[in-house]
Participant: 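The structure follows.
Treat the numbers as computed from the prediction; the structure is a model and nothing was measured. All chains are named by letter (A, B, ...) in the order of the sequence lines, taking the proteins before the strands, and each is independently numbered beginning at 1.
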Number of protein chains: 2
Amino acid sequence: MKPDVYAANCPTRQILDRVGDKWAVLILLLLRVEPMRFNQLRRTIEGISQKMLSQVLKSLERDGLIRRHAIATVPVTVEYSITQLGLTLAGAVDPLRDWAEQNLKDVLAAQRRYDAQQKEEAA
Amino acid sequence: MKPDVYAANCPTRQILDRVGDKWAVLILLLLRVEPMRFNQLRRTIEGISQKMLSQVLKSLERDGLIRRHAIATVPVTVEYSITQLGLTLAGAVDPLRDWAEQNLKDVLAAQRRYDAQQKEEAA
DNA sequence: GATATCTAGTTTCTATTAGTTACCACAGAA
DNA sequence: TTCTGTGGTAACTAATAGAAACTAGATATC
């Protein structure tokens, strides 16, 4: 009944870390639409650095959520696509995205209330 | 169609950050069962530092996901409970937890395959 | 009467991680 | 010959997570 806090033993912990990763889900959702190349992803996701993109792609591939396919052109092009496993994870993220869209207003309102309260107490 | 990368504008991004927070969801799921006090949470979640617990509780309260209730005993006790909003977020996390439990085996297998592949290529 | 314990935190410092910037090698076009 | 494109890596810095010690006030223990 007690949640298992030790990261190594807790599957949910590991998946939440992956989903909480700033770029991972974004990439997953992009690749759900269609396969993309490295620089294509980089241009689409304005603000990501090459290092982070490279790093996240590598870890997503390691987890079996995406597939890396190098094509022997000149210069080499590399295409990334989503796997079946990645597809199901993306699906599990959808309820969360829906929740976010429906409830962001309330969260922001709560934040404003809290901040106003704090300010008042400080005065 | 293109996902909005700029964090400030993207509700999903903000919620995913919250859910990806190492301790936040854990606390939310604990408080879904029953209200708890500060040190009670600290003892239940072995491994969390007082600083992190205090910090996460504060940000969860700020987001309107939990409620803080100080009781004038001696010494003062503080009880944290989940709000209606927090309850619905916890519900949206459930599919993800289910996915994790069902697919962790596959993810770990993919990781082993990937690591073996890397090792082989290095040799 | 000094010490320890409970409550719920805060402060300080360090280790880890996230992110930025510059660079690599190769080929084709201007 | 310098510029653009391919897909990255290496070195450095800023931000954050976490460990450990401290606060304060009342009660119980030695």
Participant: In whole Å, what is the span from the CD atom of A/Gln55 to the C1' atom of C/dT20?
Facilitator: 13 Å

Participant: Hey, is the side chain of A/Lys51 poking within less than 4.0 Å of OP1 or OP2 on D/dA11, counting only N and O atoms?
Facilitator: no

Participant: Expressed in angstrom and rounded to an integer, what is the separation of B/Leu57 atom CG from C/dG9 atom C1'?
Facilitator: 11 Å

Participant: Expressed as a whole number of angstroms, how long is the span from B/Asp17:CG to D/dA17:C1'?
Facilitator: 15 Å

Participant: What integer distance in Å separates A/Arg43:CZ from D/dG8:P?
Facilitator: 14 Å

Participant: Would you tell me if any nitrogen or oxygen in the side chain of B/Arg37 comes within less than 4.0 Å of OP1 or OP2 on C/dC6?
Facilitator: no

Participant: Looking at the side chain of B/Tyr80, which of C/dG9, C/dA8, D/dA19 is the nearest nucleotide?
Facilitator: C/dG9

Participant: Taking only side-chain nitrogens and oxygens of A/Ser54, does any of them come within less than 4.0 Å of OP1 or OP2 of D/dT9?
Facilitator: yes

Participant: Between A/Arg62 and B/Asp115, is there a side-chain heavy-atom distance shorter than 4.5 Å?
Facilitator: yes

Participant: Among the clusters formed by ILVMFWY side chains lying less than 4.5 Å apart, do A/Tyr114 and B/Leu31 turn up in the same one?
Facilitator: no

Participant: Please determine, for the side chain of B/Gln50, which listed nucleotide (C/dT10, D/dG18, C/dT7) has the closest atom?
Facilitator: C/dT10

Participant: Given B/Met36, which of B/Ile82, B/Leu41, B/Ile45 fulfils the side chain to side chain contact (heavy atoms under 4.5 Å, CB included) condition?
Facilitator: B/Leu41

Participant: Is the phosphate of D/dG8 approached by A/Arg68 (side-chain N or O, under 4.0 Å from OP1 or OP2)?
Facilitator: yes

Participant: Does A/Trp23 place a side-chain N or O at less than 4.0 Å from the phosphate oxygens OP1/OP2 of C/dG19?
Facilitator: yes

Participant: Looking only at side-chain N and O atoms, does A/Arg42 come under 4.0 Å of OP1 or OP2 in D/dG5?
Facilitator: no

Participant: Provide, to the nearest angstrom, the distance between the CG atom belonging to A/Leu41 and the P atom belonging to D/dG8.
Facilitator: 11 Å

Participant: I want to verify a distance call: between C/dT7, D/dG18, D/dG7, whose nearest atom is closest to the B/Met52 side chain?
Facilitator: D/dG18

Participant: Using the C1' atoms of five pairs at each end, what's the angle between the two axes of the helix from C/dG1-D/dC30 to C/dA30-D/dT1, to 10 degrees?
Facilitator: 40°

Participant: Any base atoms under 4.0 Å from B/Thr77, or only sugar-phosphate, or nothing? Heavy atoms, all strands.
Facilitator: sugar-phosphate

Participant: Atom CG in A/Leu89, atom CD in A/Gln84: separation rounded to 0.5 Å?
Facilitator: 12.0 Å

Participant: Rounding to an integer number of Å, can you tell me how far A/Phe38 CZ sits from D/dG5 P?
Facilitator: 15 Å

Participant: Rounded to the Å, how far apart are B/Asn39 CG and C/dG9 C1'?
Facilitator: 9 Å

Participant: How long is the line joining CG of B/Leu53 and P of C/dT10, in whole Å?
Facilitator: 11 Å

Participant: To the side chain of B/Lys58, which of C/dT20, C/dT10, D/dG7 is closest?
Facilitator: C/dT10

